[in-house]
Amino acid sequence: MQFEELQKVWDTQNERPVFAMDDARLSVALYQQREQRGRRIFRREFAPIYFTLPLLIFFSGFVLVAFYFKTASKMRMTDPRMTIWDGVALVIATVASIAIMVFMHAEHRRHKRTQHVFAPSLREELERGISQVDFELSLYSTPRVLTLIALVTIGAGVILWESGRLNGNSTSWGMLGYNLVLMIVSTWWGLAAKNKSVERVMQRRRALESMLAALQEGATDLER
C-alpha cells in the first residue's frame, strides 16, 4: 500500500471514533512504508559514499606506495621525486576518507537501531515515521551536502595531483582544473537534488503530523 493510499484510508476513517479505526492495518502498512523508506535512504545517501570512499582509499594508497618505490629505486631521475609533503597529503586523504566512512556508518547504525522494530501502537508508529523523516531531512541539510562534496573533491584532487607527479608531471594543474569543474557540477546537481528531496520529504512529514494530531485529538475526545 502506497503512502497516498494510506492517507485516503485515514481520511475515510478520520470522523470515526478512535476505537473503531483499523489501527493494526494502518500500523502494519505504515511500518512497511517506513522499512521501504529506510532501504531507499541507504541506497541513495549511504551506498554511494560506501562505494566512492573505498575507491579513494585504494587509489591514494596505491599512489603512495608506487610513488615511494619509484623514488626509492631512482627510476627516471628526471621525474619529480616524492617529498614528505606528497606522503603527508596522501596519508591525510586516506585517513580523512576512513574517518568519513566511520562517521557515516555510526550515524546510520544509531538511526537504524531506533527504526527496525515494529511499533506496538499506531501512535508510536507515526512518531517513528516522523523521526525517520527528521533523520532524512538532516541528511539533506545544505552544510552536510556541501561538506561531503568538498571532502570528496579534495580527496580526488589530491590523488589526481599526486598521480600526475607519479607520472612525471611536477605540477598537474590540468587535472586540478578538471577536478574543479567536476566539483562545480556536483555542487549544482547536489543542491538541486537536495531541494527537490526536501520538498517531497516535507510533504510526507506534514501528512504524518496531521495523522498523529487527528489520532491524539480523537483520543482526547474519547476520554471526555
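Along the sequence shown, residues carry numbers from 1. Hydrogens, waters and symmetry mates play no part in the numbers below; they use all other heavy atoms, side chains included.
Identified under the ring pair (Phe, Tyr, Trp, His ring centres under 6.0 Å) test for residues 136-157, with sequence neighbours left out: none. For residues 53-64, the set of pairs meeting the side chain to side chain donor-acceptor pair (under 3.5 Å) definition, not counting sequence neighbours, comprises Ser60-Thr94.
Under the 4.5 Å side-chain heavy-atom criterion for Ile, Leu, Val, Met, Phe, Trp and Tyr, Val145 and Val185 are members of distinct hydrophobic clusters. Phe103 and Phe42 fall within the same hydrophobic cluster, where Ile, Leu, Val, Met, Phe, Trp and Tyr residues are linked whenever their side-chain heavy atoms come under 4.5 Å apart, directly or through other members. Leu53 and Ile92 fall into different hydrophobic clusters, defined by Ile, Leu, Val, Met, Phe, Trp and Tyr side-chain heavy atoms under 4.5 Å apart, directly or through other members. Under a hydrophobic-cluster definition in which Ile, Leu, Val, Met, Phe, Trp and Tyr are linked whenever side-chain heavy atoms come within less than 4.5 Å, directly or via other members, Val88 and Leu90 are assigned to different clusters.
With a 4.5 Å cut-off on side-chain heavy atoms, Gln132 and Arg128 do not count as touching. No side-chain heavy atom of Ile130 sits under 4.5 Å from any side-chain heavy atom of Met211.
Ser131 places no side-chain N or O within 3.5 Å of a backbone atom of Glu127 that could act as its donor or acceptor partner. Of the possible donor and acceptor atoms, none in the side chain of Thr52 sits under 3.5 Å from a partner among the backbone N and O of Ile49. Of the possible donor and acceptor atoms, none in the side chain of Arg39 sits under 3.5 Å from a partner among the backbone N and O of Arg34.
For the side chain to side chain donor-acceptor pair (under 3.5 Å) test, no residue two or more places apart in sequence or in another chain qualifies with Thr147. For Glu35, there are no side chain to side chain donor-acceptor pair (under 3.5 Å) partners two or more places apart in sequence or in a different chain. Partners of Thr83 according to the side chain to side chain donor-acceptor pair (under 3.5 Å) rule, which considers only residues two or more places apart in sequence or in another chain, are Asp86. Under the side chain to side chain donor-acceptor pair (under 3.5 Å) criterion, Asp134 pairs with Arg205, sequence neighbours left out. Residues passing the side-chain contact (heavy atoms from CB on, under 4.5 Å) test with Arg200 are Arg40, Arg44, Lys196, Ser197, sequence neighbours excluded. Residues passing the side-chain contact (heavy atoms from CB on, under 4.5 Å) test with Val91, sequence neighbours excluded: Leu64, Val95. Leu139 is linked by a side-chain contact (heavy atoms from CB on, under 4.5 Å) to Ile41, Glu45, Phe46, Glu107, Phe135, Arg144, counting only residues two or more places apart in sequence or in another chain.
Atoms CZ and CG, from Phe59 and Leu160 in turn, are 10.5 Å apart once rounded to the nearest 0.5 Å. To the nearest 0.5 Å, atoms CZ (Arg81) and CZ (Phe67) are separated by 7.5 Å. Put simply, CD1 on Ile100 and OH on Tyr50 are 12.0 Å apart, with the number rounded to the nearest 0.5 Å. In this structure, the separation between CG on Leu30 and CG on Leu126 is 5.5 Å, given to the nearest 0.5 Å. Between the CG atom in Asn167 and the NZ atom in Lys70 there is a gap of 6.5 Å [rounded to 0.5 Å].
The two residues Gly87 and Met82 make their nearest non-hydrogen contact at CA-CE, 3.6 Å. Closest approach of Arg43 to Pro48, counting heavy atoms only: O-CD, 3.2 Å. For Ser163 against Val63, the heavy-atom pair with the smallest separation is OG-CG2, 3.5 Å. Across Ser27 and Ser121, no two heavy atoms sit closer than the pair OG-C, 4.0 Å.
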Worksheet item: Glu136 and Arg204: salt bridge (Lys or Arg N to Asp or Glu O under 4.0 Å), yes or no, with the steps?
Response: CA-CA 11 Å; Glu136 189 171 359; Arg204 180 177 175 83; over 6 Å; no
Worksheet item: Are Val201 and Arg37 close enough, and set up right, to give a side chain to side chain contact (heavy atoms under 4.5 Å, CB included), and what steps lead you there?
Response: CA-CA 11 Å; Val201 174; Arg37 193 72 187 180; 3.6 Å; yes
Practice prompt. Please report the C-alpha distance between Leu137 and Met202 in whole Å, then the side-chain angles of each, then the deciding distance to 0.1 Å, and finally whether the side chain to side chain contact (heavy atoms under 4.5 Å, CB included) criterion is met.
Written response: CA-CA 8 Å; Leu137 287 172; Met202 284 302 300; 3.6 Å; yes
Donor-acceptor list for residues 151-158 side chains, cut-off 3.5 Å, not counting sequence neighbours:
| residue | atom | partner | partner atom | Å |
| --- | --- | --- | --- | --- |
| Thr153 | OG1 | Ile149 | O | 2.6 |

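With a 6.0 Å radius and a threshold of 12 heavy atoms from other residues, nucleotides or ligands, Phe62 has its CZ atom at or below the threshold.
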